[in-house]
Amino acid sequence: MYGLWRPRVLGAWRVPSSGPVILAVNHAHNLDGPMLMGTAPRPVHFLIKKEAFVGPLGTFLEGIGQLKVDRHSTDRTAIGNALGVLENGGVLGIFPEGTRGEGDFASLRAGLAYFAVRSGAPIVPVAVLGSTDRPGRLVKALPRLRSRVDVVFGDAFAAGDGSGRRTRKALDEATVRIQERLTDHLKNARRLTGR
């Protein structure tokens with residue numbers, strides 16, 4: 001990442017140095033996940049759509065510990081693998097919106113709340129900004145080479161309400177709390193970076 005672009009990483013010290021943690025990342029461009037993997041202070045295991053695991057790319061993704069998920073059904077294997085990352089004290093990366101979009105956390109899926117409430121792992125919000133600003137001249141699908149991309153880590157927080165409940169209502173309430181925190185972090189990251 002540092003050889004092709006100019007990442008500016010802010011707040012990486014906010015990621016706990018050990019123990020389970022979930023990085024909740026906005027997702028506006030295909031570069032966002034690799035940019036976070038290349039700049040995060042700890043190795044990150046992302047839930048990635050199974051369609052990406054084809055040919056040499058699939059072998060590479062599995063080799064670096066990424067997790068295959070079927071987004072069109074309840075993928076119990078992916079859920080177990082993700083919980084296993086957290087149980088082993090690792091870092092799970094999640095795009096809470098489920099797919100690429102505006103990257104504004106406007107519509108969250110329930111998966112992030114489920115993993116956070118079930119595991120008790122803190123969530124660290126992450127904003128990747130600049131990946132969609134200026135397309136490259138040679139490869140239009142990527143940002144211009146040597147352009148700046150900001151990766152801003154926020155303060156860790158607990159998703160649950162402290163009751164330990166895992167009911168549908170508790171997960172819905174946690175999703176609302178998470179969305180508020182992620183949206184606030186994104187606003188702050190835009191203010192800090194001027195984007």
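Residues take their numbers from the sequence shown, with the count starting at 1.
Scored by the side-chain contact (heavy atoms from CB on, under 4.5 Å) test, Lys50 finds Lys68, Asp70 as partners (sequence neighbours excluded).
Nearest heavy atoms, Ala156 versus Pro122: CB-CB, 4.2 Å. A pairwise comparison of heavy atoms in Leu61 and Ala52 identifies CD1-O, 3.9 Å as the closest pair. Taking both residues in full, the closest heavy atoms of Pro125 and Phe157 are given as CD-CE2, 3.9 Å, listed atom of the first, atom of the second, then distance. Residues Phe46 and Leu36 share a closest heavy-atom pair of CZ-CD2, 3.6 Å. Between Asp155 and Arg181, the shortest heavy-atom contact is O-NH2, 4.2 Å. Taking both residues in full, the closest heavy atoms of Ala174 and Ala159 are given as CB-O, 3.6 Å, listed atom of the first, atom of the second, then distance.
Interatomic distance, CG of Asp184 versus CD of Gln179, reported as 10.5 Å (0.5 Å rounding). Here OG1 of Thr193 is found 5.0 Å from CG of Leu129. Values are rounded to the nearest 0.5 Å. The line from CG of Asn188 to CZ of Arg190 is 11.5 Å long, rounded to the nearest 0.5 Å. A distance of 9.0 Å separates CG of Leu31 from CG of Leu4, quoted to the nearest 0.5 Å. Atom CG of Leu47 sits about 11.5 Å away from atom CZ of Arg71, to the nearest 0.5 Å. Atom CD in Glu173 sits 11.5 Å away from atom CZ in Arg168 (nearest 0.5 Å).
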Let me see the working for Leu86 and Arg118 under side chain to side chain contact (heavy atoms under 4.5 Å, CB included), right down to the final yes or no. CA-CA 10 Å; Leu86 296 170; Arg118 170 93 188 260; over 6 Å; no
How far apart are the C-alpha atoms of Thr74 and Ile79, what are their side-chain angles, what is the distance that settles it, and do they pass the side chain to side chain contact (heavy atoms under 4.5 Å, CB included) test? CA-CA 8 Å; Thr74 303; Ile79 291 169; 4.0 Å; yes
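Val176 and Leu182 fall into different hydrophobic clusters, where Ile, Leu, Val, Met, Phe, Trp and Tyr side chains are chained together by heavy-atom contacts under 4.5 Å. In terms of hydrophobic clustering, with Ile, Leu, Val, Met, Phe, Trp and Tyr side chains grouped at heavy-atom distances under 4.5 Å, Val25 and Leu10 are assigned to different clusters. Hydrophobic clustering, with ILVMFWY side chains joined whenever heavy atoms are under 4.5 angstrom apart, keeps Leu192 apart from Val15. Tracing side-chain contacts under 4.5 Å through hydrophobic residues (I, L, V, M, F, W, Y), one never reaches Val54 starting from Leu57; they form parts of separate clusters.
Here the side chains of Pro7 and Met35 are in contact, with some heavy-atom distance below 4.5 Å. Taking 4.5 Å as the limit, some side-chain heavy atom of Tyr114 sits within range of a side-chain heavy atom of Leu83. Residues Arg42 and Val21 meet the side-chain proximity criterion, which asks for heavy atoms closer than 4.5 Å. In this structure, Val126 and Asp32 have side chains that are not in contact, with every pair of non-hydrogen atoms separated by 4.5 Å or more. You'll find the side chain of Phe153 stays beyond 4.5 Å of the side chain of Trp13, heavy atoms only.
A distance-only check finds a donor-acceptor pair linking the side chain of Asn26 to the backbone of Val128 [under 3.5 Å]. In this structure, His185 contributes its side chain and Val152 its backbone to a donor-acceptor pair below 3.5 Å.
Results of the salt bridge (Lys or Arg N to Asp or Glu O under 4.0 Å) test with Asp150 over Arg195, Arg6, Arg191 single out Arg195 as the only residue that passes. With Thr39 as reference, Val151 is the one residue of Val149, Val151, Val44 to meet the side chain to side chain contact (heavy atoms under 4.5 Å, CB included) rule. Of the listed residues (Val91, Ile178, Leu112), just one forms a side chain to side chain contact (heavy atoms under 4.5 Å, CB included) with Ile22, and that residue is Leu112.
No more than 12 heavy atoms of other residues, nucleotides or ligands lie within 6.0 Å of CZ in Arg76, so this atom counts as exposed by the packing criterion.
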